[in-house]
Q: 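I have a structure here, written as structure tokens, and I will follow up with some questions on it.
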Amino acid sequence: MDISKRVFLRQLGAATAGAATIPLAQAKLTFAPSRREGSPTHRYAMLIDLRRCIGCQSCTVSCAIENQTPQGSFRTTVNQYQVRRENSDAVTNVLLPRLCNHCDNPPCVPVCPVQATFQRQDGIVVIDNQRCVGCAYCVQACPYDARFINHDTQTADKCTFCVHRLEAGLLPACVESCVGGARIIGDLLDPQSRLRQLLDTHKDDIRVLKPDEKTVPQVFYLGLDAAFVTPLMGRSQPALWQEV
């Protein structure tokens, strides 16, 4: 076992004697490892065009197969919500694909006590499973519920934009399998990329989730009606929003 991992586990055992867990607020972990791996000349991001999403969950299935996630745990999924506007009884169904946002200011990184979670130079946030101790601090820190503890590996798990496929010149499994072509991945630094061009063309209609968190998400949504998604934009109105 890596020395830093062994030392942390020993310290964690002493700190949690007689307690189930240490609350994240009490952990006061502030590690901020430098970005490593990947190329600084690229910045990967994803655009999800909700006008094309049909909620078929092919992205969920292909991701689970590609990344061998445990049964009942998903790196990406399509959530369905029932939403009504204020002063109206009309209910609208909203389909919303969810995954790690690969934030430019990821709150999951500085709380990792062994620096297992880190950000690559191309912006993709990944987890070093050889270092991860499964403490779940990063799971608690993520405001998007995009992380979970993999009970097969006992380490943190989440979407990685299928970085192993990107490095082989392939698309992420969810992008390749999307029957409606709703998911577009690309390089923000390439002005000729389809992603960059779509973001520039529709810049007034692009939304991100929970901007108030100041994480600077790099998963963008097109066709997300702000009137429907107030809670996900960072302000809570539970009477108007219900997950199915």
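The residues of the chain are indexed from 1 along the displayed sequence.
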Q: Return the set of residues passing side-chain contact (heavy atoms from CB on, under 4.5 Å) with T215 (not counting sequence neighbours), or none when no residue passes.
A: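 Per chain and number, T215 pairs via side-chain contact (heavy atoms from CB on, under 4.5 Å) with C103, P107, P143, Y144, E213, P217.
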
Q: Between R75 and E66, does any NZ, NE, NH1 or NH2 come within less than 4.0 Å of an OD or OE carboxylate oxygen?
A: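 Answer for the salt bridge query: no.
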
Q: For M46 and V175, what are the C-alpha separation, side-chain angles and deciding distance, and is it a side chain to side chain contact (heavy atoms under 4.5 Å, CB included)?
A: CA-CA 9 Å; M46 184 177 290; V175 175; 3.8 Å; yes

Q: Is there a continuous path of hydrophobic side-chain contacts, each under 4.5 Å between heavy atoms, that joins I206 to L188?
A: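 Same cluster.
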
Q: Say whether, by atom type as modelled, one donor and one acceptor occur between the side chain of Q154 and the main chain of H151 under 3.5 angstrom.
A: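 At least one qualifying donor-acceptor pair exists.
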
Q: Hey, is the main chain of V94 close enough, under 3.5 Å, to the side chain of Q80 for a donor-acceptor pair?
A: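 Checked: no pair found.
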
Q: Minimum heavy-atom separation for S58 and C178, please, with both atom names.
A: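 Reported closest heavy-atom pair: OG-CA, 4.0 Å.
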
Q: To the nearest 0.5 angstrom, please state how far the CZ atom of R43 sits from the CD atom of Q121.
A: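 Nearest 0.5 Å value for the CZ-CD distance: 12.5 Å.
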
Q: Treating R183 as the side-chain partner and I48 as the backbone partner, does any N or O pair qualify as donor plus acceptor under 3.5 Å?
A: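 Side chain of R183 to backbone of I48: no pair is present.
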
Q: Can you give me the closest heavy-atom contact between V125 and V109, atom names plus distance?
A: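 Nearest heavy atoms, V125 then V109: CG1-CG2, 4.4 Å.
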
Q: With a 4.5 Å cut-off on side-chain heavy atoms, are V139 and F148 touching?
A: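 Not in contact.
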
Q: Considering all heavy atoms of both residues, which atom of A141 and which atom of V111 are nearest to each other, and what is their separation?
A: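 What the structure gives for the nearest pair is CB-CG2, 3.8 Å.
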
Q: Side chains of H202 and Q197: do they bring a donor and an acceptor to under 3.5 Å?
A: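 H202 vs Q197: no donor-acceptor pair found between side chains.
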
Q: Is the ring centre of Y44 less than 6.0 Å from the ring centre of H102?
A: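 No - the distance between ring centres of Y44 and H102 does not fall below the 6.0 Å cut-off.
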
Q: Side chains of K203 and D205: closer than 4.5 Å at any heavy-atom pair?
A: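 Side-chain contact under 4.5 Å: no.
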
Q: Any chance you could measure D122, atom CG, to E167, atom CD, to the nearest 0.5 Å?
A: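 If we round to the nearest 0.5 Å, D122:CG and E167:CD are 7.5 Å apart.
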
Q: Applying side-chain hydrogen bond (donor to acceptor under 3.5 Å, both in side chains), name anything that partners R196, two or more places apart in sequence or on another chain.
A: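 Scan of R196 (side-chain hydrogen bond (donor to acceptor under 3.5 Å, both in side chains), adjacent residues dropped) gives D200.
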
Q: Contact between I54 and V179 at the side-chain level, heavy atoms closer than 4.5 Å - yes or no?
A: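 Yes; the side chains approach each other to less than 4.5 Å.
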
Q: Can you find a pair of side-chain heavy atoms, one from P106 and one from Q119, that are under 4.5 Å apart?
A: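 Yes - at least one pair of side-chain heavy atoms lies under 4.5 Å apart.
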
Q: Filter on salt bridge (charged side-chain N to carboxylate O under 4.0 Å, His left out), then keep only pairs touching residues 51-61, sequence neighbours left out; what's left?
A: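 For residues 51-61, and leaving out neighbouring residues, the salt bridge (charged side-chain N to carboxylate O under 4.0 Å, His left out) pairs sorted by first residue read D49-R51, D49-R52.
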
Q: Run the side chain to side chain contact (heavy atoms under 4.5 Å, CB included) test on L222 and L198 for me, step by step, so that the C-alpha distance in whole Å, both residues' side-chain angles and the decisive distance to 0.1 Å come before the verdict.
A: CA-CA 9 Å; L222 177 59; L198 283 171; 5.6 Å; no

Q: So does Q192 get a backbone contact from the side chain of D190, meaning a donor-acceptor N/O pair under 3.5 Å?
A: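 Yes: the side chain of D190 pairs with the backbone of Q192.
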
Q: Are V133 and I149 linked, directly or through other ILVMFWY residues, by side chains that come within less than 4.5 angstrom of each other?
A: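 Different clusters: V133 never reaches I149 through Ile, Leu, Val, Met, Phe, Trp or Tyr contacts under 4.5 Å.
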
Q: Evaluate side chain to side chain contact (heavy atoms under 4.5 Å, CB included) for I185 paired with L166, printing each intermediate quantity in order.
A: CA-CA 10 Å; I185 195 165; L166 288 175; 4.2 Å; yes

Q: Any chance you could measure D145, atom CG, to Q140, atom CD, to the nearest 0.5 Å?
A: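 Rounded to the nearest 0.5 Å, the CG-CD separation comes out at 11.5 Å.
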
Q: Would the distance check show the side chain of Q115 and the main-chain N or O of P113 forming a donor-acceptor pair, the cut-off being under 3.5 Å?
A: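 A pair under 3.5 Å: no.
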
Q: Give the minimum heavy-atom separation between V78 and Q57, together with the two atoms involved.
A: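 Minimum heavy-atom contact is O-NE2, 2.7 Å.
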
Q: Can a donor-acceptor pair be found, under 3.5 Å and without considering hydrogens, that links the side chain of N105 to the backbone of K214?
A: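 Checking the backbone N and O of K214 against the side chain of N105, a donor-acceptor pair under 3.5 Å is found.
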
Q: Are the side chain of T77 and the backbone N or O of F74 linked by a donor-acceptor pair below 3.5 Å?
A: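 Not confirmed, T77 side chain does not pair with F74 backbone.
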
Q: Walk me through it: do F161 and V219 pass the test side chain to side chain contact (heavy atoms under 4.5 Å, CB included)?
A: CA-CA 10 Å; F161 277 169; V219 171; 4.2 Å; yes

Q: Please report the shortest heavy-atom distance between R98 and L209, naming the atom on each side.
A: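 Nearest pair, atom of R98 first, then L209: NE-CD1, 3.5 Å.
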
Q: Enter the distance from E37:CD to D128:CG here, rounded to the nearest 0.5 Å.
A: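 Result: 8.0 Å between the selected atoms.
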
Q: Will you find, in the side chains of N150 and T155, an N or O donor that is under 3.5 Å from an N or O acceptor?
A: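 The answer is no; no qualifying pair exists.
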
Q: Which atom pair, heavy atoms only, marks the closest approach of C108 to R147?
A: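 For C108 and R147, the tightest heavy-atom pair comes out as SG-NH2, 3.3 Å.
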
Q: Hey, does the side chain of N101 reach the backbone of L99 with a donor-acceptor pair shorter than 3.5 angstrom?
A: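 Present.
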
Q: Any donor and acceptor pair, going by atom type alone, linking the side chain of R207 with main-chain N or O of Y221 inside 3.5 Å?
A: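 No, because the side chain of R207 does not come within donor-acceptor range (under 3.5 Å) of the backbone of Y221.
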
Q: Just by distance, do the side chain of T76 and the backbone of T60 share a donor-acceptor pair under 3.5 Å?
A: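 Not a single qualifying donor-acceptor pair exists.
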
Q: Indicate yes or no: at least one non-hydrogen side-chain atom of P97 is less than 4.5 angstrom from one of C59.
A: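 No; the side chains remain at least 4.5 Å from each other.
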
Q: In terms of hydrophobic clusters joined by side-chain contacts under 4.5 Å, are I127 and V114 together?
A: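 As far as the 4.5 Å side-chain criterion goes, V114 and I127 are not connected within one cluster.
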
Q: Within this structure, what is the CZ-SG distance for the pair R131 and C112, rounded to the nearest 0.5 Å?
A: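 Interatomic distance, R131 CZ to C112 SG, rounded to 0.5 Å: 8.0 Å.
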
Q: Taking side chain as C-beta onward, heavy atoms only, is L47 less than 4.5 Å from L199?
A: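 Of all side-chain heavy-atom pairs linking L199 with L47, at least one is under 4.5 Å.
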
